Amino acid sequence: MVTNKVLKSSLKALKEFAKRRLPDLELIALDERDECPLEIIRDMCAPDKLGIQLLFIPEEYGGLGGGTFDFYRICEELARIDLGVATAVFATFLGSDPIFFGATPEQKKLWITRMADEGQIYAYGATEPDAGSDLGALKSTAERVMDGDKIVGYKISGLKQWISNGGIADMYTILAATPSGPTWFVVEKGAKGFSYDKPENKHGIRLSNTAALALDNVYVDANRVVGCVEGQGLIQAQMVFGYTRLMVAAFGLGGGWAALDRAIPYSTKRIQAGAPLSEKQGYTHKLIVPHVARLEAGRAYIEETAERIDAGEGENGKLNTEGAIAKFMATEAGNAAAEASIQALGGYGYTHEYMVEKIKRDVKITTIYEGTSEIMEMTISRDRWQLHLKTRGQHYHEQARAMESLHAFKPGLGANIAALSLHALAEVMEKCRAMRLTRHQHILLRLGELIAYAECAGSLCRRAARAADNKLNEKASLRFDAKALAALARVFAREAALKVTEEGLRWVAGADGVSDSEMAAFEAAIGLNAIHRVQAGLLADMDYVADVLYNRVAKPVAASA
Ligand SMILES: Cc1cc2nc3c(=O)[nH]c(=O)nc-3n(C[C@H](O)[C@H](O)[C@H](O)COP(=O)(O)OP(=O)(O)OC[C@H]3O[C@@H](n4cnc5c(N)ncnc54)[C@H](O)[C@@H]3O)c2cc1C
């Protein structure tokens, strides 16, 4: 188990390592040369140097036995440094996941101990040229090699596409189809018949090595089947999505904040029309404040989900939908925040030197890998649709009532507004059910987005309440105090409520799900007027958040998380 003290010292060591080895000028140069800093990545993984992967390796295999919450904090920090380097570390974590979750005790002891002791770099080989979002379409095969009746090994053939660490890994977990279905195999670098292509020339994360793999009759012994049972590959991959998607969510958070933390100080020094940009409401309330609110809504959801996984609720993929919500919200928010940060720096933002354009190129990948945003929307929507049906439409009304109770107990956190958005969501979903609107795939996916906003609004209100009671997780990010979190919660709840009602109405009406004569009743059911009325106070809250961000209030925010 990792104590808060150990987590803090790991975060500190990571920051110091980055300061020494990856200063801005070096990052810009590596990005321009499209170069993966292999020696630095090896030093990050070497147990006698930074040994960052030790944090997620269980103690029994020589690691520190960190939990989900610890790794979320580390992932955010890694992403703040450089998302390419973060991806290299994450790929080792991802590549070893099928082993963590599917291997026999003997296999774990062998492979995970080596990962801890030797700082081995892993790659995760699932995607293929024709099998991306739809992994079931994979074509790589593993042909059994028999000795009489006994399977003694396999010959793996096929192509893998976009594999992070593809050209630098020591070990590869490869998904290939056996006669009993997709199965994970552990393949060592240099195996006969195994090769990798030159690194891809990418839009961003240019410090990460991404390469295609080719396997031409690569022989592996039968004991290299993860778990020693064929056909478990897709189940093993599914089991960890709650966890792995949370880590990519943390990347979105880190990337978004890395960009904003450049835009915010820049705007205090840049004088236009006689005053710093930071004093111009039209600037801060468009380019900074809403992005901070969305990122912190994503954080609230990440932290809640991390706590639930650490409490054992995530077993067998039970929190995969929560992982998808966190990933969707935090990576889309991170991407938008980085885009706004370029704008916030004007012409300077458009140049390499100021870094925000690199961060923007980098953070975009978080909305694509480990499941695209559209696949997240589909995952979220399908699961919550089942809950809507099972509870006869009451699921989100119940969540709304919980928010109303929170508001009664603790007013001022925006929980009443979050309640309105959850009630509206329940009504929109019910209309979709009655009119069979989810036969339109677009409606199904748009619901996914609305669900993510409504759930994250609730989560941020709960986080603000815990902060007010001094009950945040001791490992939580403490960037904002309780009062600032309450203002952020109100800002985001208003946005979520407006989005759920107006977009919900748009798509229901757009699919001809509500007639002219029913429109007034539907608008009342989703609380359109009430949601317009609770926008009152929005500007004052945004002013306050801006004052907090620019240290213009009596109690300043901490300089770093
Ligand atoms: C830099 C980088 C690193 C990567 N690292 C790894 C790695 O280490 N290991 C690994 O296995 N993979 C890796 N990937 C692969 C990554 O996970 C896939 O790119 C991703 O899952 C999307 O698959 P795809 O590229 O085939 O796109 P597609 O699945 O073809 O999707 C293209 C577009 O269509 C949308 N779409 C897809 N299906 C549907 C649908 N049913 N309905 C509506 N819209 C849909 C998608 O959202 C997307 O916008 C990496 C990719 C990149 C770019």
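Index from 1, following the sequence. No hydrogens, no waters, no symmetry mates; every other heavy atom, side chains included, goes into these values. Fair warning: this is a prediction, and the values are worked out from it, not measured in the lab. Just so you know, ligand 1 is whichever comes first in the structure, and atom 1 is the first atom listed for that ligand.
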Taking 4.0 Å as the limit for heavy-atom contacts, which would you say applies to [X] with ligand 1: side chain only, backbone only, both, or neither?
| X | result |
| --- | --- |
| Lys160 | neither |
| Ile205 | side chain |
| Ile365 | side chain |
| Thr372 | side chain |
| Glu370 | backbone |

Pick whichever of [options] has a heavy atom sitting closest to [atom].
| atom | options | answer |
| --- | --- | --- |
| atom 10 (C) of ligand 1 | Leu175, Val248, Thr127, Ile174 | Thr127 |
| atom 42 (N) of ligand 1 | Glu128, Gln441, Glu374 | Gln441 |
| atom 29 (O) of ligand 1 | Ser208, Ser133, Ala126 | Ser133 |
| atom 23 (O) of ligand 1 | Ser373, Gly132, Ala137 | Gly132 |

* To do: Would you kindly say whether Glu304 and Ser459 are connected by a side-chain donor-acceptor distance under 3.5 Å?
  => yes

* Asked: Do you see a donor-acceptor pair shorter than 3.5 Å between the side chains of Glu427 and Tyr396?
  -> no

* Calculate, to the nearest 0.5 Å, the distance between atoms CD and CD1 belonging to Gln120 and Ile112 respectively. => 11.0 Å

* Asked: Out of curiosity, Asp170 CG to Glu188 CD, how far, rounded to the nearest 0.5 Å?
  -> 8.5 Å

* Asked: Does a salt bridge link Lys360 with Glu357, judged by any charged N lying under 4.0 Å from a carboxylate O?
  ->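 Salt bridge between Lys360 and Glu357, a charged N being under 4.0 Å from a carboxylate O: no.
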
* Would you say ligand 1 has an N or O under 3.5 Å from any N or O of Lys202? ->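 N/O-N/O distance below 3.5 Å does not exist for this pair.
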
* Between Tyr243 and Phe93, is the ring centre distance below 6.0 Å? ->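 Aromatic pair counts; centres sit under 6.0 Å.
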
* Quick one: are the ring centres of Phe185 and Tyr172 less than 6.0 Å apart? -> no

* Evaluate the side-chain hydrogen bond (donor to acceptor under 3.5 Å, both in side chains) criterion for residues Glu322 and Thr305: first the C-alpha distance (whole Å), next the side-chain angles of each, then the deciding distance (0.1 Å), finally the verdict. => CA-CA 7 Å; Glu322 282 70 11; Thr305 308; over 6 Å; no

* Distance to 0.1 Å, residue and atom name: give those for the protein heavy atom nearest to atom 6 (C) of ligand 1. =>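 For this ligand atom, the closest protein heavy atom is Trp162 O, 2.8 Å.
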
* Can you tell me the protein heavy atom closest to atom 3 (C) of ligand 1 and the distance? ->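 Result for atom 3 (C) of ligand 1: Ser164 OG, 3.4 Å.
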
